[in-house]
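The block underneath contains the structure these notes are about, expressed in structure tokens.
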Amino acid sequence: EPEVTQTPSHQVTQMGQEVILRCVPISNHLYFYWYRQILGQKVEFLVSFYNNEISEKSEIFDDQFSVERPDGSNFTLKIRSTKLEDSAMYFCASSPSAGGLYEQYFGPGTRLTVT
Amino acid sequence: AQSVSQHNHHVILSEAASLELGCNYSYGGTVNLFWYVQYPGQHLQLLLKYFSGDPLVKGIKGFEAEFIKSKFSFNLRKPSVQWSDTAEYFCAVTPKAAGNKLTFGGGTRVLVKP
């Protein structure tokens with residue numbers, strides 16, 4: 001069964017450094033998402049991406065964040081200058097289409113630790 | 001904006017016991033509803049979903065959920081749990097009208113003792 005994959009599984013970085021989290025969505029899916037879960041808190045939506053542009057983003061997704069689909073298979077989340085409060089589990093997801101009718105398939109997550 | 005609340009943070013029960021996890025949402029329009037499960041060390045997986053029609057939906061592994069529109073609820077049930085049901089369970093919604101972002105509840109950790 002096709003799966004969403006994410007690398008790395010755990011990333012440790014120093015405050016102020018740039019990080020790139022990588023995801024490979026399911027190959028025939030068209031919509032891509034990033035969510036995050038700070039320890040002890042809810043899973044929160046960050047951004048959705050379709051047709052090479054952001055279709056929706058949350059208030060969390062400020063100028064420090066960017067997403068890209070650089071090569072038709074990878075989907076990346078970049079945090080330009082990490083802060084301590086960016087420490088969280090970051091989940092990538094993909095779906096065949098949108099409108100809430102289709103299941104979003106989640107990857108295993110990347111645990112980001114900012115020191 | 002929509003919000004989702006799950007009533008219990010932790011549930012501990014024995015094998016063969018019945019399970020019911022509460023989920024309530026707040027949103028001014030109609031929604032699609034989901035229950036996701038995360039087994040230890042694994043990623044979020046869809047248990048079941050409700051879009052329309054029969055408000056009692058059946059999912060994988062013997063789970064079912066009932067949508068009660070008047071109560072804005074979508075409670076998850078399983079008549080007889082197994083040790084392998086130990087996991088964290090998340091209720092989530094998306095608005096039908098626009099957008100496809102999932103809004104999650106806080107999750108309920110379920111521990112089934114053998």
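Chain identifiers are assigned alphabetically (A, B, ...) following the order of the sequence lines, protein sequences preceding nucleic acid strands; residue numbering begins at 1 within each chain.
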Is B/V112 reachable from B/L76 through a run of hydrophobic residues whose side-chain heavy atoms are each under 4.5 Å from the next?
->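 Yes, B/L76 connects to B/V112 through the hydrophobic network.
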Under 4.5 Å from a heavy atom of chain A, the part of B/V4 involved =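 Backbone only.
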Heavy-atom distance under 4.5 Å to chain A: side chain of B/Q38, backbone, both or neither?
->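 Side chain only.
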Is the closest side-chain heavy-atom distance between B/Q2 and B/L102 below 4.5 Å?
->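 Answer no - side chains too far apart.
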Options A/G40, A/G109, A/G107, ranked by heavy-atom pairs under 4.5 Å with chain B, top entry =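 Heavy-atom pairs under 4.5 Å are most numerous for A/G107.
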Output the option from A/Q41, A/Q37, A/Q6, A/Q104 having the highest count of non-hydrogen pairs under 4.5 Å with chain B.
->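 Of the candidates given, the most pairs with chain B belong to A/Q104.
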Is a side-chain N or O of A/Q64 found less than 3.5 angstrom from the main chain of A/S81, in a donor-acceptor match?
->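 Yes, because the side chain of A/Q64 sits within donor-acceptor range (under 3.5 Å) of the backbone of A/S81.
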Considering only heavy atoms, which portion of A/E3 lies under 4.5 Å from any heavy atom of chain B: side chain, backbone, both, or neither?
->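 Side chain only.
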Segment of A/E44 engaging chain B (4.5 angstrom heavy-atom cut-off) |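 Neither part, no heavy atoms under 4.5 Å.
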For the pair A/Y50 and A/Y31, name the ring-plane relationship: parallel under 30°, tilted 30 to 60°, perpendicular over 60°.
->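 The arrangement is parallel - the two ring planes meet at less than 30°.
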Relative to each other, are the rings of A/F49 and A/F75 parallel, tilted or perpendicular (30° and 60° limits)?
->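 Because their plane-to-plane angle lies in the 30° to 60° range, the rings of A/F49 and A/F75 count as tilted.
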